[in-house]
Amino acid sequence: RLNQYHVGTGRREYLAFIGRIAPIKGTHTAIEVARRTGLPLKIAGEIQPMYRDYWESEIRPHVDGRQIEYVGEVDATAKSELLGGARALLFPIAWEEPFGLVMIEAMACGTPVLAFAHGSAREVVADGISGWLCRDSADMARRALEAPVTATSCRQYVVDNFSLER
């Protein structure tokens with residue numbers, strides 16, 4: 001239900017990544033995008049035992065608590081707050097994602113999605129309306145720094161295309 005998600009009203013000065021901490025989800029690419037932009041990145045998600053080595057070698061060394069912050073797993077309330085305060089949700093997937101609910105959750109919070117055009121991202125993200133489909137990390141970083149898609153546009157796109165009523 002969309003009433004679980006609230007459009008953030010803050011300054012939107014950070015990027016967000018929410019998902020399993022796994023190579024196919026592109027956590028390392030989200031860090032690269034944050035570094036390219038100079039914007040802070042808040043990472044939320046589960047570290048599964050099978051990806052512990054990935055966490056230890058590719059992610060944890062970059063987590064400094066200032067520019068790159070790991071906030072752990074988040075419940076629905078914390079997720080809405082995290083997304084509602086973000087400049088954009090980074091969705092740099094490296095596989096054919098079947099749906100990606102977090103993209104809808106971000107847009108419901110008025111937060112544009114910057115995604116690689118794999119799997120359902122091509123069907124969920126509307127360029128210039130709810131975010132952007134990006135070619136690579138450089139393109140994603142450029143989009144993150146440009147004037148963002150409006151919160152109103154993101155929220156309306158979700159209402160029009162993904163609401164329970166729709």
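Values in this document were obtained by computation on a predicted structure and should not be read as measured data.
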Can you give me every donor-acceptor pair (side chain of residues 106-119, partner residue at least two apart or in another chain, under 3.5 Å) with its distance?
from: T111; atom 1: OG1; to: R12; atom 2: NH1; distance (Å): 2.8
from: T111; atom 1: OG1; to: L83; atom 2: O; distance (Å): 2.4
from: H118; atom 1: ND1; to: E96; atom 2: OE2; distance (Å): 3.4

Can you give each donor-acceptor pair under 3.5 Å made by side-chain atoms of residues 41-49, sequence neighbours left out, with the distance rounded to 0.1 Å?
none

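Separation of atoms CZ (F17) and CD1 (I59) is listed at 7.5 Å; rounding is to 0.5 Å. With rounding to the nearest 0.5 angstrom, the CG atom of D160 is 8.0 Å from the CZ atom of R166. Taken to the nearest 0.5 Å, the OG1 atom of T37 stands 12.5 Å off from the CD atom of E146. Distance CZ/R143 to CG/L133: 9.5 Å, rounded to 0.5 Å.
Residue-environment remark: CZ (R122) exceeds the threshold of 12 foreign heavy atoms within 6.0 Å. No more than 12 heavy atoms of other residues, nucleotides or ligands sit less than 6.0 Å from atom CG of D53.
Both Y70 and V33 belong to a single network of hydrophobic side chains, linked directly or stepwise wherever heavy atoms of I, L, V, M, F, W or Y lie under 4.5 Å apart. Hydrophobic clustering of Ile, Leu, Val, Met, Phe, Trp and Tyr side chains at less than 4.5 Å, counting indirect connections, unites F91 with Y157. Hydrophobic clustering, with ILVMFWY side chains joined whenever heavy atoms are under 4.5 angstrom apart, keeps V7 apart from L101. Tracing side-chain contacts under 4.5 Å through hydrophobic residues (I, L, V, M, F, W, Y), one reaches L145 starting from W132; they form part of the same cluster. Criterion: ILVMFWY side-chain heavy atoms under 4.5 Å apart, direct or through other members. Under it, I129 and M103 are part of a common hydrophobic cluster.
A salt bridge (Lys or Arg N to Asp or Glu O under 4.0 Å) check over residues 69-92, counting only residues at least two apart or in different chains, returns the pairs K79-E105.
Contact check for L82 versus Y14: side-chain heavy atoms found under the 4.5 Å cut-off. A heavy-atom distance below 4.5 Å is found between the side chains of I104 and F99. Side chains of E97 and K25 form a contact here, defined as non-hydrogen atoms less than 4.5 Å apart. E58 is not listed as a side-chain neighbour of T27, based on a closest heavy-atom distance of 4.5 Å or more. Residues R155 and L2 have side chains in contact (heavy-atom distance under 4.5 Å, counting atoms from C-beta outward). Side-chain contact check for S130 versus V158: every heavy-atom pair is 4.5 Å or farther apart.
Counting all heavy atoms, side chain and backbone alike, P23 lies closest to A94 at O-CB, 4.2 Å. Annotation for F162 and E123: closest pair CZ-O, 4.2 Å, computed over non-hydrogen atoms.
Under the 3.5 Å distance criterion, the side-chain polar atoms of S80 are left unmatched by any main-chain donor or acceptor of Y5. In terms of modelled atom types and a separation under 3.5 Å, the side chain of Y54 and the main chain of H28 share a donor-acceptor contact.
Checked for salt-bridge contact, E32 and R35 miss the test: no charged N lies under 4.0 Å from a carboxylate O.
Test I18, I31, L15, T29 against L90 for side chain to side chain contact (heavy atoms under 4.5 Å, CB included) and you get one pass: L15.
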